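Report on the structure given below.
Only a predicted model underlies this, so the values are computations on that prediction, with no experimental measurement involved. So that the names make sense, note that chain A is the first sequence line, chain B the second, and so on, each numbered from 1.
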Amino acid sequence: MKRALIIDDEPLARMVVKEYLQNFKQIEVVQECNDGFEGLKAIQQYQPDLVFLDVQMPKINGFEMLELVEQPPAVIFTTAFDEYAIKAFETHAVDYLLKPFSKERFNKAIEKYLALAPSTPSSKQTEELLETAAHSPAQHERIVVKTGTKVKIIPVQDVLYLAADDDYVSVYTAEGSFLKNKTMNFFEKMLDPRYFVRVHRSYIIAIQQITRIDPYEKDAHLAILKSGAKIPVSKTGYVKLKQVLGI
Amino acid sequence: MISMIWYSQIDQKENEKRKNEAEKLARDAELYNLRQQLQPHFLFNSLNSINALIGFKPDEARKMIHQLSDFLRGTLKKDDQLQVPLNEELQHLNLYLEIEKVRFGHRLQTEISCDEKCGSALLPSMLLQPIVENAIKFGLYDTTGDVVVSIRAEMEGNYLVIMVQNPYDPQTSRPKKGTGFGLRGVQRRLYLIFARNDLMETHANDNIFTTIIKVPQL
């Protein structure tokens with residue numbers, strides 16, 4: 001028996017999925033969720049095999065929710081959203097269903113899911129999906145993190161800098177720092193290069209936070225931020241920085 | 001004397017320019033409205049709701065199809081050049097609100113207050129629609145609880161004053177670079193029609209976002 005969650009802020013949209021699923025006795029809907037917060041909780045609680053996920057939802061969207069899940073389950077998107085050119089995710093999600101979808105189209109998606117080689121762990125596939133999502137301009141606006149059991153939304157304007165921290169990245173704001181289980185590469189792709197520069201293997205800084213750049217040892221520099229933080233700038237980082245600053 | 005003529009000519013030119021721009025903007029507003037209603041979100045999600053209702057509440061599915069059709073037809077038929085009574089504008093708006101309520105179930109509630117005198121007061125057609133859309137979008141996607149969107153109309157002297165309120169979260173919403181065609185377009189249209197920049201204001205207090213427009217009654 002496969003366990004499934006339906007996450008969508010429109011009750012009737014969940015109803016369609018449930019109705020269509022009646023044909024598949026091997027899939028059980030363990031819970032329905034109204035938004036990403038409920039979704040997160042339910043994923044932790046039930047460890048589902050499959051999630052039907054809407055993209056645009058209150059507060060945090062479907063991608064942002066997935067980012068906060070340690071081992072994401074397999075995902076079928078159900079969305080009317082075409083702004084992201086959702087096709088880009090086709091290779092990574094199990095499937096995506098554009099609302100309104102027919103029963104036939106739905107059945108195809110489920111059959112595709114059931115036929116998935118068990119050798120491809122769904123979490124890896126979903127990770128790749130999120131990497132792809134990071135490229136989409138709509139994802140540039142904010143960073144969603146978990147602090148304890150709470151979800152915090154950090155508008156990118158509030159970010160001072162980011163630093164690599166083992167397998168995580170620390171996101172520094174005036175309020176403090178927040179850990180996110182993503183790579184520096186992920187953030188380098190995600191953040192708008194006009195405002196953020198990767199100045200070092202382990203650091204990305206918000207350009208407008210820089211007050212000074214001082215020489216430091218051979219070939220290296222230190223960027224001094226408004227907050228007083230001193231960030232190492234590598235040789236290649238310095239070249240990039242000069243380019244963006246136009247100096 | 002010469003300068004008076006000169007000034008009145010300038011005035012006339014200004015007026016002409018404003019009028020042309022008002023017409024262009026009304027066309028843009030119409031296009032915007034068309035796109036709004038044909039955009040995936042509203043239309044496809046509404047169709048998706050209908051798809052769900054057909055299965056177990058066919059009567060409601062039918063009702064929603066009619067509301068959606070009436071709303072779309074009303075939008076196509078609207079002439080932006082016209083000043084229409086508020087009652088008429090609210091009727092059209094109501095179709096839209098009813099559809100949104102089916103989509104979002106109990107989460108969305110609306111409160112509309114408008115007395116008889118306000119109902120017959122005039123405003124540029126389709127002026128209210130983008131304001132209410134904005135309120136609903138903010139309310140529904142920026143909070144997770146129940147959302148009350150209120151529309152209140154009052155006469156203040158020679159003005160029809162309309163206040164639209166919605167909940168929002170000051171922690172996560174920021175004044176963005178632009179409010180999109182939505183609110184900016186409303187402000188611009190008011191300027192072009194009445195040559196005044198002080199007819200729309202927005203306030204963000206606690207968790208409530210308020211948009212107020214004042215429409216001079218000519």
Discussion item. Is it the case that over 12 heavy atoms from other parts of the model lie below 6.0 angstrom from the CD atom of A/Q31?
Written reply: yes
Worksheet item: Please walk me through it: do B/L53 and A/L12 pass side chain to side chain contact (heavy atoms under 4.5 Å, CB included)?
Response: CA-CA 7 Å; B/L53 288 171; A/L12 289 169; 3.8 Å; yes
Worksheet entry | Exceeds 12 heavy-atom contacts within 6.0 angstrom, atom CG of B/D206 | no
Worksheet item: Are any of the side-chain heavy atoms of B/H106 and A/P11 separated by less than 4.5 Å?
Response: no
Item to complete: I would like to know whether A/E10 and B/N45 meet side chain to side chain contact (heavy atoms under 4.5 Å, CB included); could you show each step before the answer?
Response: CA-CA 9 Å; A/E10 296 189 31; B/N45 280 317; 3.6 Å; yes
Worksheet entry | Atom NZ of B/K19: over 12 foreign heavy atoms under 6.0 Å | no
Fill in: Proximity breakdown for A/M57 and chain B, heavy-atom pairs closer than 4.5 Å
backbone
Fill in: Residue A/Y168 excluded, over 12 heavy atoms near OH under 6.0 Å
no
Worksheet item: With chain A, which of B/V102, B/T143, B/I54, B/I50 has the greatest number of heavy-atom pairs at distances under 4.5 Å?
Response: B/T143
Worksheet entry | Close approach to chain B in residues 32-40 of chain A, criterion heavy atom under 4.5 Å | A/D35, A/F37
Fill in: ring-ring contact (aromatic ring centres under 6.0 Å, His included) partners for A/F196, two or more places apart
none
Fill in: Greater than 12 external heavy atoms within 6.0 Å of A/K146's NZ
yes
Fill in: Non-hydrogen side-chain atoms of B/Y141 and A/K59 separated by less than 4.5 Å
no
Fill in: Residue, of B/N48, B/N51, B/L140, that accumulates the most heavy atom pairs under 4.5 Å with chain A
B/N48
Discussion item. Atom NZ of residue position B/K101 - does it have more than 12 heavy atoms of other residues, nucleotides or ligands inside 6.0 Å?
Written reply: yes
Fill in: Heavy-atom check, side chain of A/L98 versus side chain of B/F44, under 4.5 Å
no
Discussion item. More than 12 heavy atoms of other residues, nucleotides or ligands under 6.0 Å from CD of B/E116: yes or no?
Written reply: no
